[in-house]
2 protein chains.
Amino acid sequence: MGDGKPATIYDVAARAGVSKSLVSLVLQRSPRVSDQRRAAVLKAIQELDYRPSTAAVSLAGTRSRTIGVVLDDFRNQWFVDLLTGLRESLQDQGHRLVVADRFLNTGLDASPVEGFLSMRVEGIVIAGEPTTDLAIPASMPLVIAGGRVAIPRADTVANDDHAGGGIAAQHLLDLGHTRLGFVGASSAASAERQAGFEQSAVPGASVVTTVLPGEPTEEAGSRALGILLDEHPDVTAVFAANDVMALGALSELAERGLRVPEDVSVIGYDDTPVAAMRYVGLTSIDDRSVEIGRGAGERLLARIADPRIAATELLVEPRLVARRTTAAR
Amino acid sequence: MGDGKPATIYDVAARAGVSKSLVSLVLQRSPRVSDQRRAAVLKAIQELDYRPSTAAVSLAGTRSRTIGVVLDDFRNQWFVDLLTGLRESLQDQGHRLVVADRFLNTGLDASPVEGFLSMRVEGIVIAGEPTTDLAIPASMPLVIAGGRVAIPRADTVANDDHAGGGIAAQHLLDLGHTRLGFVGASSAASAERQAGFEQSAVPGASVVTTVLPGEPTEEAGSRALGILLDEHPDVTAVFAANDVMALGALSELAERGLRVPEDVSVIGYDDTPVAAMRYVGLTSIDDRSVEIGRGAGERLLARIADPRIAATELLVEPRLVARRTTAAR
DNA sequence: TTGTAGGCGTTATCAC
DNA sequence: GTGATAACGCCTACAA
């Protein structure tokens, strides 16, 4: 099939011996078409390898049936599961997903949102913390997935960090640990996780913490744990604000000659792919990204249907994923 | 700005007191517009927060100025650097990048290519090995980035696996190792890397290999190294077909109580983000994804400009990234 | 340098 | 049921 220009409805109509309108009706699965003509049209579509032009569809139609997903960075893998959830809730309704991180079209657009606006998306999902420079029109249906910073008119669907911290504490208590440590950074999530951790742990154990200003990086994890161990060498279990910091903690422990989990148990947060690697085997708290995505999609659909509904906040319950880095005391 | 419907050129024209065409000319940076009118138009655009509709643009224009990038899976992080390179070479020409992995719009399209075809993209980049079920029209400008399976009419830009294997060997020889091992799987890349490795190593060292059928997974890396060490316990350095397998090798070594790099040096391939983590510190071969992306973008532009040019194959020279898992004998 | 008219491929609104 | 016909927002000759 050496196709020159893509086929149009006109081509299909001519080939099927019907009008352009009829083709359009078939495309939209209208029931008001005789089976005979429908078959003829479908046959022609097949033969011509016809494919509707999204440009023409969204220009002529009242809606673009497209949802834009803004990621902060393709390197933050958690979006993969989020997309799965979004897909589940959005594609049944025929919505197409378009993803972009902050960098994908820099040089063309100031922000990924710019591009989405040009595409006339019907709604936007922001994965993670929304940065203030996104400039999203007030009339655009919007949901924050995984972020805690609420934007007044936007729905929020996120993991329950406080509960997650509690789960981490309970796990360590169950294993018999009584001298616990927490390493964190200066983010809302870290603070929430810490609070939940301490609240659930304190009745049965002592908790010492080191919270470093700045991002929750591997480097920060190493430094924080170093400081914590220098002051409290008797700690037997450590909860890190996220997996990346936990990785930093692990390398710090290795450098100090401390074995994991024999000498110190370590638990992270987010259940990232790295944590699941056999070489790492990090016990972590699964933030249920798929669920978050599904919830976010549902909220967005509701908001698109009726933009005036009140903003809601949905918390998804996290759960423990036990691996090799935690063990009984 | 409670914007109801997005502004159109008509609105802009009316506000600036000019015709619609004039607005269009300004948008396209035409020099044949008086500074005065241009200023007026730009001002109106600002005030109305006008943004051209990509749908209308690609419908009316002769070209969509859009490039589709097909990823096999968002989990394979190497595409991140590839995108950087693609961006560098494509966006100067005003091309917009759209990415999709195999799953993004399943349920709507049979394959990501379907969606791109509907969008009337001007070209397609396939990241990694092209799967045969993609069904790309012969007339679509196409380049395979990072894959070795050539499609007749497509350009190929890839890392020079053979050279990379040689670099790995040379590194280990330089460190004084003489009993080398290789663990691989059944992929074209693995075979090439192995060949390059053996060819450069054999003069000065012995090489034993274990190649397992199937995918190059962490699990395969563990198994392969286990087999290799059982038969050849005297090996002091191991080259794995990729970082993931190397990770598997590392965990196998840990389980056997062998220290890295004191007892055994390990070197991977791809220089993935995981390898760069402090906790891992895996010496690896950088496949230069940014360069590959840049090259792929350039090839694609050339092919779009003249679809009849002969398909070319560009090999990018990889380079060593030495970290903690390799040391002198 | 500026304005006019036609068309891009599809949906939506009518008549028939 | 089916088929004209007018939008949709923009670009591109072409005319002025």
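Residue numbering restarts at 1 for every chain, and letters A, B, ... go by the order of the sequence lines.
If you check every strand for non-hydrogen atoms under 4.0 Å, B/S19 touches a base. Contact annotation for A/T62: backbone-only contact, meaning every heavy-atom pair under 4.0 Å involves sugar-phosphate atoms and none involves a base. The residue B/V23 sits apart from the nucleic acid: no heavy atom pair falls under 4.0 Å. At a threshold of 4.0 angstrom between heavy atoms, the contacts of B/S21 include nucleobase atoms, whether or not backbone atoms are also involved. Nucleic acid contact for B/S34: sugar-phosphate only, since backbone atoms but no base atoms lie under 4.0 Å from a heavy atom of the residue.
Using modelled atom types, one finds a donor on one side chain and an acceptor on the other under 3.5 Å when comparing B/T312 with B/R299. B/S24 and B/Q28 share a side-chain donor-acceptor pair at under 3.5 Å.
With rounding to whole Å, B/R32 atom CZ is found 11 Å from D/dA13 atom C1'. The separation between A/R120 atom CZ and D/dC8 atom C1' is 11 Å, rounded to whole Å. We find that CG of B/L27 is positioned 11 Å from C1' of D/dG9, with the value rounded to whole Å. For B/L25 and D/dA16, the CG to P distance is 18 Å, given to the nearest whole Å. The nearest whole Å value for the distance from the CZ atom in A/R63 to the P atom in D/dC8 is 19 Å. Between the C1' atom of D/dA6 and the NZ atom of A/K20 lies a distance of 15 Å, rounded to the nearest Å. When rounded to the nearest whole Å, the span between CE of A/M119 and P of D/dC10 equals 15 Å.
Nearest-nucleotide assignment on DNA chain D puts the 5′-proximal partner with A/Y10, out of A/Y10 and B/L59. Mapped onto DNA chain C by nearest heavy atom, B/R37 and B/G61 fall at different nucleotides, with B/R37 at the one closer to the 5' end.
Heavy atoms only, all atoms of each residue included: B/V57 and B/P52 are closest at CG2-CB, 4.2 Å. Residue B/D287 comes nearest to B/S289 through the heavy atom pair OD1-OG, 3.0 Å, listed as atom of the first residue, atom of the second, then distance.
Taking side-chain N and O atoms only, B/Y50 has a distance below 4.0 Å to OP1 or OP2 of D/dC10.
With a 6.0 Å radius and a threshold of 12 heavy atoms from other residues, nucleotides or ligands, B/D133 has its CG atom above the threshold.
In terms of modelled atom types and a separation under 3.5 Å, the side chain of B/E88 and the main chain of B/R294 share no donor-acceptor contact. A/E122 places a side-chain N or O within donor-acceptor distance of the main-chain N or O of A/R65, the cut-off being under 3.5 Å.
Taking every nucleotide of DNA chain C with any atom under 4.0 Å from a non-hydrogen atom of chain A, the first and last of them, 5' to 3', are C/dG9 to C/dA12.
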